[in-house]
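Note sheet for the following structure.
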Amino acid sequence: MFYREAGQFKTTYRADMATFPITQDRIGIAIILMVAFTVIPYFGSNFFLHAIMIPFLIFALAAIGLNILTGYTGLLSLGTGGFMGVGAYACYKLATIFPEVHILIWVVTSGFVSAAVGIVFGLPSLRIKGFYLAVATLASQFFLSWCFIRIPWLVNYNVSNAIEVPRRTLFGVHVTGPEATPHARYFVVLAIVVAMTWLASNLVRGRIGRMWMAVRDMDIAAELMGIKLLNTKLLAFAVSSFYCGVAGAMLVFLYYGSAEATAFSINQSFAILSMVIIGGLGSLLGSFLGAALIFMLPLLLPPFLGSLGLSIQAATAEHLSFMVIGALIVFFLIVEPHGLARLWQIAKQKLRVWPYPY
Amino acid sequence: MLCVKPYSMFCKIFIIPFYEMWELPDIFVQTLWEGLVGGTLYSLIALGFVLIFKASGVFNFAQGIMVVFAALSLVGLHAIGVPAILALALTVLIMLVLAFAIERVVLRPLVNQPDIILFMATFGLTYFLIGFGELIFGGDPKVMITKQLYIPTGTLSFDFAGGRVEMQKLDITAVVVASLMVAVLAVFFSKTRIGRALRAVADSHKAALSVGISLNQIWIIVWFAAGLVALVTGIMWGARSEVSFALEIIALKALPVLILGGFTSIPGAIVGGLIIGVGEKVGEIYWGPLFGRGIESWLAYMIALVFLLFRPQGLFGEKIIERV
């Protein structure tokens, strides 16, 4: 009743091919965007924006990047952290070599450096498949981590061996550096994430996305149909690394403020991968849901365990939250192996037939 | 020296290291030995992976934490006053209970799901075991009860080509135990009834089920076997350094061994482990200074990657046949 596409006739191909062909979807997305752009910054406290919304959006973008590779093209990658790092370090180098160009341009273009690196490390994917490829991408992760630590040129020979974000402004408002308010950074992050999500949604439902999915479902069959595997797989690696690179650059420049190589370690890769799988492989919505769940669980659990009235120490609470996260991952996989995105599809179906379910 | 320009990059990479190996054979032998020992221990972890992958097709990310968990249980039991041998027996029992629990809670509900989902589940399992282990045993490093388990310690050294080569008795024990373990597993897989059932399951779940092999039982056995391998690995690694959660990282070091040898091959795990162990040590000693130290962290992966480009299924893996 609430979500019924009956009666919505399309009279042109353009209308039929729209990103959101159903009115309810358009209304829903408009409401979500409006809440994100007005309600959240207006009512949200600095803490809420800085500690929850900004990292959530950034991780969601990284998850979209990995989802393009793993969910849409079927290439399992464990090198996400490394590619994010490439974006962050490239952005830092570019921003310090050419300080006159605006930093947000570098945040976005640093993705291209990351994409180039991604193509190089994507080359083995032509020969290797499945878990073999996953372990092969670990090579890129470890190699890149090593580069971040061992090549001081990347951090301009800083004594701290860390990226130190320079102060930059946009329309006279600080957007990076210590003076930037959470609100300013939130708007920048939100704008970039929304734009890139829109771009991704168009990519994956267009010709390129169909090529990716054909390769995922069976690459030999795809090849026989005339899809060039080399180009398709490398394009997936490039686009995926581009997204991860931009997410990495934003992570450092708009969230951490300064970062060492450990920020882009193997654990980051695993975290992003679990966001993608828990959220739903091959779903952009799933990337957001997965990022929300995996990122917020460790934040919410200790206070929750504390509020149960048990007088437990901080260390115990931390261990307990580890256990609960592990158990929840298994639980979600058992309940919904297709990810949280499937829950939304089920909900849509329920809304469609409500109040007379059959 | 053969080099015309001794400081050229070509010379540093391709000539000087080999010249050093030739000039100081004792150091080279020492390096080889250390690489072999390291490789044996990598093989042990890889063995745990291979066992589970062969029988259930699960890429068991939790093998590393199982190593830590087994070692911690052993040390923890001894710390509360249980005699060492009894503690060992009890730890074996704990690994059995763990295998039961994993089969019941994680594997059975997820039967027939895609591989990546099962991989993710073992990832969740890892988190759970980290939290559980730290909750019970605490996060601080502990000392392995080497003496109480009658594992010899000390050094064996002998003269070789004008220098001295030193071998830790512990390392020799590790090599012997690992070889024994592999031999026992090989016999178990090829000669016993259960071993044949395991290989049947590895070939095809459906066919195995149709001839009356209980999948659930097989999974418990396999995870228990992997638990035992983890226990041995934990004792050996723990005796060499200390028992702490940092050991979990070594699971990641075993992954290149795995792709080098092939996911499904026990001999592959052994040979792969030795190649990676030796290659890593020799690379670090002779070529490491050129790149700045620490190339150990990725060298193993690069070695494995080069092999993979020529044999995408690993050295000993089953040939991947694709049908359309």
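Lettering follows sequence order; numbering is per chain, from 1.
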Under 4.5 Å from a heavy atom of chain B, the part of I334(A) involved: both
Using heavy-atom distances under 4.5 Å, tell me whether L252(B) contacts chain A through its side chain, its backbone, both, or neither. side chain
Can you tell if the side chain of I128(A) reaches within under 4.5 Å of the side chain of I259(B), non-hydrogen atoms only? no
For F132(B), which atoms come within 4.5 Å of any heavy atom of chain A: side chain, backbone, both, or neither? both
Aromatic ring centroids of F322(A) and F128(B) under 6.0 Å? no
Under a 4.5 Å heavy-atom cut-off, does chain A meet the side chain of F53(B), its backbone, both or neither? side chain
Applying a strict 4.5 Å limit to non-hydrogen atoms, the region of T70(A) in contact with chain B is side chain
Find out whether F143(A) and M302(B) are in side-chain contact, i.e. whether some heavy atom of one side chain is under 4.5 Å from a heavy atom of the other. yes
Sub-3.5 Å donor-acceptor pair from the side chain of R127(A) to the main-chain atoms of F310(B), do we have one? yes
Select one option (side chain, backbone, both, neither) describing which atoms of F270(A) are under 4.5 Å from chain B's heavy atoms. both
Please check: side-chain N/O of Y301(B) versus main-chain N/O of Q141(A), any donor-acceptor pairing under 3.5 Å? no
Portion of I266(A) that has a non-hydrogen atom of chain B nearer than 4.5 angstrom: side chain
Under 4.5 Å from any heavy atom of chain B - which part of I277(A): side chain
Relative to the ring of F131(A), is the ring of F59(B) parallel (under 30°), tilted (30 to 60°) or perpendicular (over 60°)? parallel
Ranking S274(A), A134(A), P124(A) by heavy-atom pairs under 4.5 Å to chain B gives rank one to S274(A)
Between L281(A) and chain B, which part of the residue has a heavy atom less than 4.5 Å away: side chain, backbone, both or neither? side chain
Taking the six-membered ring for Trp and the full ring for Phe, Tyr or His, determine whether the centres of W298(B) and F142(A) are under 6.0 Å apart. no
